[in-house]
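Taking it in order: structure first as structure tokens, then the write-up.
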Amino acid sequence: MSNLTEQLTFLKQQEWIDLTHLVHPEIPYFPAFKPIEEQTLFTVAADGFYAKEYTLASQYGTHIDAPVHFWEEGRSLDELSLKELVLPLYVIHKEEQVKQNHDYRLSVEDILAFEQKHGKISPDSFVAFASGWSARFDEPADFYNQDEDGNSHTPGWSLEALKFLHEERQVKAIGHETLDTDAAIDYRKNNDLVGERYWLTQNNYQVEVLTNLSELPATGGIIFVGATKIKEATGFTARVFAIVPNSIDLA
């Protein structure tokens, strides 16, 4: 066998974890959009083959955001290189903190504490914020988590943490379980997604609405982001998975 074939055999002996939610009309979605629609175009019985037509927003379900999503001069989805879509994976676990505080903002201090335990985050890597929020996905009302005034309470990245990851660690991409990069309280305060705007205008990309992050170790994994190649797309629903060592330590 070739060396690459041997490496693939090794990888297939490790744990493969799907980080992608199932897409259908009842899932939570960004309020400016609408649920996915589908129409059967042909059937095997009538036409000899089965085909459907789907109508959905580019940011629906587990999806990748390209820089152009928030930056006119940024790269579109088809301009991201293949090597950017397969990256070393770091997972910052804050599930317990988010349980206590739904408005939790991942901070620079959180990142430094993570590095003190797990080592410095390497350049050109993917950093994921594991909040446990995906456990709410099947109950959209719980996922949106609105109070009596209609205000959402969801966790997110602080702007300072994103600046640190880009400027001090040269991280290539981030990911999270919620619909937005920013905590909902920050969005209300700024009337803008300042964290997401900052991250994408650095020509980085992100993946939103991930699942199963709580099953991943803090370090040692690799993430694969399966992105479509539609010309000038701002992003799209993606199939995302991680490969992690068989002996998983979530600490």
Side-chain angles (χ1 to χ4, degrees), residues 18-82 84-86 126 128 133-146 150 152 154 156 173-182 184 187 191-193 195-197 199-201 203-213 223-242:
D18 195 348
L19 306 181
T20 314
H21 284 288
L22 187 66
V23 172
H24 56 81
E26 286 75 41
I27 66 173
Y29 56 90
F30 190 68
F33 301 145
K34 59 183 181 180
I36 187 174
E37 299 176 354
E38 67 174 75
Q39 176 184 357
T40 298
L41 300 178
F42 303 97
T43 66
V44 174
D47 308 291
F49 65 97
Y50 188 30
K52 291 184 177 183
E53 179 179 82
Y54 296 94
T55 303
L56 73 163
S58 49
Q59 280 73 24
Y60 190 80
T62 303
H63 64 269
I64 182 173
D65 287 331
V68 73
H69 183 42
F70 269 59
W71 182 29
E72 290 183 355
E73 298 177 8
R75 294 178 297 162
S76 56
L77 188 55
D78 56 299
E79 293 177 310
L80 299 181
S81 70
L82 292 176
E84 289 179 87
L85 303 176
V86 182
F126 189 110
W133 208 255
S134 60
R136 298 166 171 259
F137 191 76
D138 291 334
E139 297 292 339
D142 291 341
F143 197 83
Y144 299 136
N145 197 36
Q146 295 179 334
S152 292
T154 55
I174 60 165
H176 40 271
E177 301 174 47
T178 51
L179 288 167
D180 294 319
T181 313
D182 301 68
Y187 173 74
N191 196 31
D192 188 22
L193 294 169
E196 182 166 354
R197 189 172 304 282
W199 188 256
L200 295 179
T201 55
N203 231 357
N204 300 320
Y205 77 87
Q206 66 174 10
V207 180
E208 297 191 298
V209 200
L210 290 164
T211 189
N212 294 329
L213 291 181
I223 192 167
F224 295 76
V225 182
T228 57
K229 198 175 182 181
I230 298 174
K231 185 177 181 180
E232 298 180 355
T234 67
F236 211 72
T237 300
R239 186 66 182 268
V240 186
F241 64 96

Between the side chains of T234 and S58, is a donor N or O closer than 3.5 angstrom to an acceptor N or O? yes

Separation between CG (L19) and CD (E177), nearest 0.5 Å, reads 9.5 Å

Could I get the full list of side-chain contact (heavy atoms from CB on, under 4.5 Å) partners for L85, not counting sequence neighbours? I64, L80, Y205, V225, A227

Any side-chain heavy-atom pair from W133 and T178 closer than 4.5 angstrom? yes

Once rounded to the nearest 0.5 Å, what's the spacing between atom CD of Q59 and atom CG of L56? 10.0 Å

pair L213-H176: side-chain heavy atoms closer than 4.5 Å: no

Looking at E232, I want to see if its CD is surrounded by more than 12 non-hydrogen atoms of other residues, nucleotides or ligands under 6.0 Å. no

Side chain to side chain contact (heavy atoms under 4.5 Å, CB included), that's the test. Do W199 and I174 meet it? Break it down for me. CA-CA 9 Å; W199 188 256; I174 60 165; 3.5 Å; yes

Can you list the steps and then say if T20 with F241 is a side chain to side chain contact (heavy atoms under 4.5 Å, CB included)? CA-CA 7 Å; T20 314; F241 64 96; 5.9 Å; no

In short, S152 meets Q146 closest at the heavy-atom pair OG-CG, 3.5 Å

Could you report the tightest heavy-atom contact between A66 and A233, atom names first, then the distance? CB-O, 4.2 Å

Shortest non-hydrogen contact from G235 to L77? C-CD2, 3.8 Å

Could you pull out all residues at least two apart from D78 that satisfy salt bridge (Lys or Arg N to Asp or Glu O under 4.0 Å)? none

Please tabulate, one pair per line, all N/O donor-acceptor pairs under 3.5 Å involving side-chain atoms of residues 29-45, not counting sequence neighbours.
from : atom 1 : to  : atom 2 : distance (Å)
E38  : OE2    : K52 : NZ     : 2.7
T43  : OG1    : A46 : N      : 3.2

Check H24 against Y60 and note the closest heavy-atom contact, atom names and distance. O-OH, 2.8 Å

Do you know the tightest heavy-atom contact between D142 and R136? O-NH1, 2.8 Å

Counting N and O atoms only, with roles assigned by atom type, does the side chain of T62 sit under 3.5 Å from a partner on the main chain of V209, one being a donor and the other an acceptor? yes

Kindly indicate whether the side chain of I27, heavy atoms from C-beta on, has any atom under 4.5 Å from the side chain of H21. no

Given F143 and T154, is the side chain to side chain contact (heavy atoms under 4.5 Å, CB included) satisfied, shown in steps? CA-CA 8 Å; F143 197 83; T154 55; over 6 Å; no

Between D65 and E196, is there a side-chain heavy-atom distance shorter than 4.5 Å? yes

Does E84 form a side chain to side chain contact (heavy atoms under 4.5 Å, CB included) with R75? I'd like the steps, not just the answer. CA-CA 13 Å; E84 289 179 87; R75 294 178 297 162; 2.7 Å; yes

Is there a side-chain contact between Y54 and V23, using heavy atoms and a 4.5 Å cut-off? no

Of the non-hydrogen atoms in E208 and T181, which two are nearest, and what is the gap between them? OE2-N, 3.3 Å

Is a side-chain donor or acceptor of D182 paired with a backbone partner of G156 at a separation under 3.5 angstrom? no

So CG of L210 and OG of S134: to nearest 0.5 Å the spacing works out to 8.5 Å

When rounded to the nearest 0.5 angstrom, what is the spacing between CZ in F236 and NE2 in H69? 13.5 Å

